[in-house]
Amino acid sequence: AQFFMDQAQKYRSQGAWRKALKDYQHVVAKFPHSTMAPQALWETAQVLRGRHKWAKAFKNLERIVKEYPEFKDYSKVVQAQFEIAQSVACRLKRGSSFFSWIGGVGEKQQIEFYQTVIRNAPSSPLAQESLIRISEIYQRQKKYDQAAEALDRLIGYYPTTPLRPQAMLKVAQLHKNLVKGAEYDQGSTHQAIQDYEDLITTYPESPQAEQAAAELEEMRTILAESKLYMGDFYLRARGRPKAAVACYNQARSIAGAESGIGTASTERIKSIKEGRRLPKSFGEKIFGRYQEKKTSDKELELQVRISEN
């Protein structure tokens, strides 16, 4: 076995990598129980990495993990697997399908590489970093649920990791990206607000908390605007001034009484109490205003509950 290992090293120094691989493979095939076998697999992987044959290199490293778990450089094997996944990521980020074709891998197999790292060394920092990278891949693919799931695994399984504030911020931003605006459903807005508040409460001194505070304010503004729009809807389209007042009060509470939205809400409430109406919309000029209806206490309670959602 030593003879073939020495000969393979000689071929490598001469640039004859194919002959070197052949000798390394011979060691693994003919001397599988020797201490040289896992070393031959390691050297094979290094040669293949140098040739950008990522999938084949990774496969040889995984053979060491499965067949030779007592290999003295086990941690180096997992580190090499992580580096292969990173190498693929660098080339995919450049937008070149050619590089990924050379290595025989794409984003799907890149995720599998990171998952393998997590499985092979679940307690290592590499596993935590792999979850961050998996989330980034899913985010590029606009698979936001899977991206959040990977980050939730990091947050839940590694409560003491220094990456936790970063992961919490990314989860909040994923929900923030799903927010379409004040005129749309606010489920994602509520979730993003909760995520930002959790981060700020849990890690108030972290760099991420400062960024979270700014983005939290943006989400609160959108939520307050949605309450303002909802109030206008109840007043214009449903003739429900009491429900409109409830929405305006919510908008003022969320944005603050001194904010632009708070001031607009206060003015609308004042107008309702004084019996004044909002200026007619384009549709109202054509079809007229919706006739105001009397509202029972139960109906008003239901309307307010709907507006809160």
Side-chain angles (χ1 to χ4, degrees), residues 127-234 243-265 301-309:
Q128 302 164 25
E129 186 64 35
S130 293
L131 286 169
I132 291 285
R133 302 304 174 88
I134 289 172
S135 174
E136 291 173 350
I137 295 171
Y138 280 132
Q139 191 169 355
R140 287 198 301 271
Q141 296 175 342
K142 301 187 184 303
K143 296 179 179 179
Y144 298 120
D145 288 340
Q146 290 94 322
E149 182 181 352
L151 293 172
D152 285 338
R153 286 173 61 191
L154 175 63
I155 294 168
Y157 295 163
Y158 306 98
T160 61
T161 176
L163 295 175
R164 201 164 185 261
Q166 178 186 347
M168 292 179 73
L169 178 61
K170 285 180 177 291
V171 169
Q173 290 172 335
L174 285 171
H175 289 123
K176 176 177 177 286
N177 290 338
L178 295 175
V179 176
K180 296 180 179 180
E183 302 90 343
Y184 298 88
D185 178 79
Q186 296 301 301
S188 296
T189 310
H190 282 287
Q191 186 61 59
I193 288 173
Q194 183 63 56
D195 293 337
Y196 285 126
E197 289 177 343
D198 288 345
L199 170 57
I200 294 170
T201 301
T202 308
Y203 300 101
E205 303 300 325
S206 68
Q208 289 80 12
E210 182 177 354
Q211 183 177 351
E215 296 180 10
L216 172 60
E217 189 62 29
E218 181 183 349
M219 291 294 96
R220 283 177 174 165
T221 298
I222 291 176
L223 184 60
E225 287 177 354
S226 75
K227 298 301 181 183
L228 191 65
Y229 291 149
M230 183 67 72
D232 290 348
F233 170 78
Y234 276 123
V245 168
C247 292
Y248 294 145
N249 278 325
Q250 289 176 345
R252 187 167 57 179
S253 175
I254 295 169
E258 303 301 322
S259 67
I261 295 175
T263 301
S265 298
E301 182 181 352
L302 178 60
Q303 291 167 3
V304 172
R305 190 179 303 165
I306 292 172
S307 69
E308 289 176 347
N309 293 329

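Quick caveat: nothing in here was measured; it's all calculated off a predicted structure. Position 1 is the first residue of the sequence, and the numbers go up from there.
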Novice: What pair of heavy atoms forms the shortest contact from Gly187 to Asp185, and how long is it?
Specialist: N-OD2, 3.0 Å

Novice: Got Leu131 and Leu151 here, is their nearest side-chain heavy-atom distance under 4.5 Å?
Specialist: no

Novice: List for me each residue that meets side chain to side chain contact (heavy atoms under 4.5 Å, CB included) alongside Thr161, sequence neighbours excluded, and say none if there are none.
Specialist: Gln128, Leu154, Tyr158, Leu163, Arg164

Novice: Within a strict 4.5 Å, meaning less than it, do heavy atoms of the His175 and Val171 side chains meet?
Specialist: yes

Novice: Asn249 versus Ser265: any side-chain heavy-atom pair under 4.5 Å?
Specialist: no

Novice: Taking all non-hydrogen atoms of both residues, which atom of Leu174 and which atom of Ala148 are closest, and how far apart?
Specialist: CD1-N, 3.5 Å

Novice: With no hydrogens and no angle check, is any side-chain donor or acceptor of Ser226 less than 3.5 Å from a backbone partner on Ala182?
Specialist: no

Novice: CZ of Arg140 to OG of Ser135: how many Å apart, nearest 0.5 Å?
Specialist: 10.0 Å

Novice: Give the C-alpha distance, both sets of side-chain angles, the deciding distance and a yes or no for side-chain contact (heavy atoms from CB on, under 4.5 Å) between Tyr144 and Gln139.
Specialist: CA-CA 6 Å; Tyr144 298 120; Gln139 191 169 355; 4.0 Å; yes

Novice: Minimum heavy-atom separation for Ile261 to Ala255, with atom names?
Specialist: CB-CB, 3.9 Å

Novice: Is there a donor-acceptor contact under 3.5 Å from the side chain of Ser253 to the main chain of Gln250?
Specialist: no

Novice: Say you draw a straight line from CG of Leu169 to CD of Glu210; how long is it, rounded to the nearest 0.5 Å?
Specialist: 11.5 Å

Novice: For salt bridge (Lys or Arg N to Asp or Glu O under 4.0 Å), just list the numbers for Arg220 and Glu197, CA-CA rounded to whole Å, side-chain angles, deciding distance to a tenth of an Å, and then say yes or no.
Specialist: CA-CA 11 Å; Arg220 283 177 174 165; Glu197 289 177 343; 2.9 Å; yes

Novice: What are the two closest non-hydrogen atoms of Glu258 and Thr263, and how far apart are they?
Specialist: O-OG1, 4.0 Å

Novice: The criterion is salt bridge (Lys or Arg N to Asp or Glu O under 4.0 Å); which residues satisfy it with Glu218, sequence neighbours excluded?
Specialist: Lys176

Novice: As an exercise, state the distance from CD of Gln211 to CD of Gln166, rounded to the nearest 0.5 Å.
Specialist: 10.5 Å

Novice: Roughly how far apart are Met168 CE and Asp152 CG, rounded to 0.5 Å?
Specialist: 10.0 Å

Novice: Say you draw a straight line from NZ of Lys227 to CG of Asp232; how long is it, rounded to the nearest 0.5 Å?
Specialist: 13.5 Å

Novice: Can you tell me how far the CD1 atom of Ile222 sits from the CD atom of Glu183, to the nearest 0.5 Å?
Specialist: 9.5 Å

Novice: Can you see which heavy atom on Ala167 is nearest to which on Ile155, and at what distance?
Specialist: CB-CG1, 3.8 Å

Novice: Applying side-chain contact (heavy atoms from CB on, under 4.5 Å), run through Arg133 and Glu136 and close with a yes or a no.
Specialist: CA-CA 5 Å; Arg133 302 304 174 88; Glu136 291 173 350; 3.6 Å; yes

Novice: Between Gln186 and Tyr184 (side chain of the first, backbone of the second, donor and acceptor by atom type, cut-off under 3.5 Å), is there such a pair?
Specialist: yes

Novice: Is there side-chain contact between Thr221 and Ile254, with heavy atoms separated by less than 4.5 Å?
Specialist: no

Novice: Please report the C-alpha distance between Asp195 and Gln191 in whole Å, then the side-chain angles of each, then the deciding distance to 0.1 Å, and finally whether the side-chain contact (heavy atoms from CB on, under 4.5 Å) criterion is met.
Specialist: CA-CA 6 Å; Asp195 293 337; Gln191 186 61 59; 3.1 Å; yes

Novice: Using the side-chain contact (heavy atoms from CB on, under 4.5 Å) rule, take Gln208 and Tyr203 through it: C-alpha gap first, then chi angles, then the decisive distance, then the call.
Specialist: CA-CA 8 Å; Gln208 289 80 12; Tyr203 300 101; over 6 Å; no

Novice: Looking only at side-chain N and O atoms, does Gln173 offer a donor or acceptor that is under 3.5 Å from a partner on Asn177?
Specialist: no

Novice: Could you report the tightest heavy-atom contact between Ala172 and Ala192, atom names first, then the distance?
Specialist: O-CB, 3.9 Å

